[in-house]
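Each ligand, and each atom within it, is numbered from 1 in the order the structure gives. Predicted model only: the values in this text are computed from it and were never measured.
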Amino acid sequence: MCGIVGYTGKRQAASILLEGLEKLEYRGYDSVGIAVLNDSDMRILKDVGRIKDLRKSSNNAKGVEGTIGIGHSRWATHGAPTVANAHPHYSASGKFSIVHNGIIENYAVLKERLISEGVEFRSETDTEVVAQLLEKCYDGDFKSAVQRTADMLEGSYALGIICTDFPGVLFAVRRSSPLLIGVGQDENFIASDVTALISSTRNVIYLEDGEFARLTPDSLTVFAENGDEIEKEIAYIDWDIAAAEKGGYDHFMLKEIMEQPAALEKTIEPRIKNGKIVLDDFKMSAADLRSINRIIITACGSASYAGQLGRIVLEKLTRIPVEVDLASELRYRDPIIDEHTLLIVISQSGETADTIAAMKEAKLRGARVLSIVNVVGSTIAKLSDDVLFTWAGPEIAVATTKGYTTQAAVLYLFAVWAAHKMGKIADTEYARYIEEIKALPEATKKAIEINNNLEEIANKYKDNGNIFFIGRNVDYAVCMEGSLKLKEISYIHSEAYAAGELKHGTISLIDEGTPVIALCCHEALFDKMLSNIKEVKARGAKVLCVCLEGADMSSCEADDIIFVPKTDPLFNGSAEVVPLQILSYYIAKAKGCDIDKPRNLAKSVTVE
Ligand code: F6R
């Protein structure tokens with residue numbers, strides 16, 4: 001996720017900015033840059049890669065004089081990670097330099113207008129539009145240019161802005177993207193995250209949506225959206241630095257679980273415009289879709305389990321046969337793939353070696369490749385015919401959480417879009433499915449809120465050596481992910497079974513006290529699941545049941561029950577998986593495991 005730092009004071013800005021950006025490294029990024037102002041001389045340094053690369057290419061910013069500046073680490077969204085797309089961006093004459101987090105949703109319209117007025121753009125970013133607009137709105141009054149520009153922007157943004165006419169003055173603007181001010185002695189700071197400030201000051205002001213601020217070394221004024229000055233409270237941060245990086249959570253995994261409602265919002269919201277699903281710069285046409293007679297989803301681990309959720313929705317809505325094939329197996333099986341096959345490749349990192357190899361194999365056989373990837377500029381994204389980014393932000397914990405839920409959400413969007421394009425669902429169904437997908441961020445939020453007793457439940461299950469997950473349909477797909485989450489971070493052996501398969505062998509493993517986690521959220525199969533619960537209870541199992549809020553559990557013999565909010569049954573996996581992630585987290589925590597870095601595992605598996 002992008003990071004912002006800004007400084008105005010008496011010290012040299014370049015080293016403060018670079019140090020601040022280093023504190024934000026944990027968030028992940030692919031390019032970096034700073035702008036420093038010395039009287040009216042603006043120096044901009046940028047590089048692709050890590051901050052140490054920028055330090056090296058700029059000889060540690062040696063000779064970059066100036067006591068005011070802004071810095072940015074970029075996680076690419078609009079345009080590849082290149083020097084041209086890296087921040088800071090600057091206006092036509094170089095008067096304004098800016099850094100930006102968020103997405104300017106109306107940037108295309110604004111850009112077209114600026115181009116028609118003769119402005120030449122240097123990057124593919126939405127951010128450059130803001131720099132160019134500032135100059136257009138400027139008549140000698142910095143504050144008014146900032147305010148008039150912000151009025152034209154739609155979407156989410158946190159901005160840091162400097163101007164060559166005002167050495168010493170730094171403007172900060174916030175709407176739907178975090179930004180805070182660090183209050184110092186003869187110096188003031190801005191940052192998107194408290195981590196970047198904590199070594200210089202612990203006194204901060206949190207900007208609210210619509211607010212903006214003017215900072216100089218010895219003054220600080222905050223304005224409401226209408227430009228009126230407002231009083232703000234100074235808060236004191238007493239976190240230690242490690243806790244600050246984790247936003248106050250004990251582990252990145254928990255932080256990322258909690259980020260899921262916001263991550264889903266970022267995945268879904270920009271793709272629904274005027275009641276329609278709009279899939280980025282998607283090249284696949286209705287005719288292309290109609291020529292497809294088979295879909296293969298390929299991926300590894302959790303990404304393949306997201307694929308299992310996608311398979312159910314895609315088959316149901318498009319009526320095209322869908323298989324989910326593990327990437328590590330697909331290429332060794334002489335698979336039946338031709339130019340009528342759509343290969344959907346799913347990968348958080350975009351760098352998984354097995355997945356890349358499977359993709360190359362399928363391409364050789366003529367498949368069209370659509371990838372669902374989180375990391376912009378990754379190998380898989382580059383090799384694909386079409387890409388849908390999950391926009392989940394960087395995932396630090398090895399065990400994926402928001403990566404998985406956002407992959408599923410993209411698959412839902414694609415399935416509904418494709419089915420409608422192919423004429424397989426009516427306009428009314430299309431509209432209803434869109435509303436259901438839009439409700440998913442809220443459903444995951446509720447799934448977190450209503451399950452506040454999971455730590456307690458985790459303590460009851462933590463000492464078992466084997467835990468079984470059972471479910472049917474979407475629930476079975478979620479069982480696979482729930483089981484993987486549990487075993488990878490808590491080291492408890494666990495298996496996921498289709499509940500109907502129990503009596504074909506697995507039930508022999510169930511005896512006194514064996515924990516069984518039964519997912520009963522698929523209403524049409526609820527009674528069958530109650531029967532499966534009875535079967536395992538009769539053999540002594542301890543049952544934890546996951547079911548929908550409002551379900552009649554009077555005849556359920558479960559020992560513990562977790563409720564999740566109801567969504568359309570096709571999409572219910574999104575909310576259902578959340579308590580399973582949290583449960584695994586607390587079981588692993590109770591066992592004292594290294595949750596963010598489980599033994600033997602790597603975040604990105606770049607070898608076969
Ligand atoms: C499990 C997990 C892994 C990944 C798998 C694929 O929590 O994170 O199973 O899902 O290694 O990784 P990506 O999605 O980067 O291709």
**Request:** Identify, by atom number and element, the atoms of ligand 1 in contact range of S347, meaning under 4.0 Å from any of its heavy atoms.
**Result:** 13 (P), 14 (O), 15 (O), 16 (O)
**Request:** Could you tell me the residue and atom name of the protein heavy atom closest to atom 11 (O) of ligand 1, and the distance to it rounded to 0.1 Å?
**Result:** V605 CG2, 4.2 Å
**Any donor-acceptor N or O pair under 3.5 Å, side chains H340, N293** = no
**Request:** List the closest protein heavy-atom neighbour of atom 7 (O) of ligand 1: residue, atom name, distance to the nearest 0.1 Å.
**Result:** E488 OE2, 2.5 Å
**Request:** Hey, can you tell me if H87 and H72 have their rings parallel, tilted or perpendicular (30° and 60° cut-offs)?
**Result:** parallel
**Request:** Give the residue, atom name and distance (to 0.1 Å) of the protein heavy atom nearest atom 14 (O) of ligand 1.
**Result:** Q348 N, 2.6 Å
**Message:** Just to check, does E351 reach to within less than 4.0 Å of ligand 1 when the distance is taken from its heavy atoms?
**Reply:** no
**Message:** For the residue pair K542 and Y461, would you count it as a cation-pi contact if the rule is NZ or CZ under 6.0 angstrom from the ring centre and within 45 degrees of the ring axis?
**Reply:** yes
**Asked** Does atom NZ of K445 have more than 12 heavy-atom neighbours, drawn from other residues, nucleotides or ligands, at distances under 6.0 Å?
**Response** no
**Request:** If you have a sec, work out which protein heavy atom is nearest atom 5 (C) of ligand 1 and how many Å separate them, to one decimal?
**Result:** C300 O, 3.5 Å
**Message:** Polar contacts were defined as any N/O atom of the residue lying under 3.5 Å from an N/O atom of the ligand; does this apply to S302 and ligand 1?
**Reply:** yes
**Message:** Under 3.5 Å, is there a donor on one side chain and an acceptor on the other for N85 and T125?
**Reply:** no
**Asked** For ligand 1, which atoms, with element, lie under 4.0 Å from some heavy atom of G301?
**Response** 9 (O)
**Message:** Just to confirm my output: which protein heavy-atom neighbour is closest to atom 12 (O) of ligand 1, and how far is it?
**Reply:** T352 OG1, 3.5 Å
**Request:** For Q348 and N374, indicate whether the former's side chain and the latter's backbone hold a donor-acceptor pair under 3.5 Å.
**Result:** no
**Pair F469-Y497, side-chain contact (heavy atoms from CB on, under 4.5 Å): steps then yes or no** = CA-CA 6 Å; F469 285 74; Y497 283 101; over 6 Å; no
**Asked** In the protein, which heavy atom is nearest to atom 15 (O) of ligand 1, and how far is it?
**Response** S349 OG, 2.6 Å
**Asked** Does R271 make a cation-pi contact with W391, if we ask for NZ or CZ under 6.0 Å from the ring centre and within 45° of the axis?
**Response** yes
**Request:** Can you sort out which atoms of ligand 1 are near A303, meaning under 4.0 Å from one of its heavy atoms?
**Result:** 10 (O), 14 (O)
**Message:** As an exercise, identify every atom of ligand 1 less than 4.0 angstrom from a heavy atom of K485.
**Reply:** 1 (C), 7 (O)
**Asked** Does the side chain of D354 come under 3.5 Å of the side chain of T352 through a donor N or O and an acceptor N or O?
**Response** no
**Message:** Any atom of ligand 1 sitting under 4.0 Å from a heavy atom of V398?
**Reply:** yes
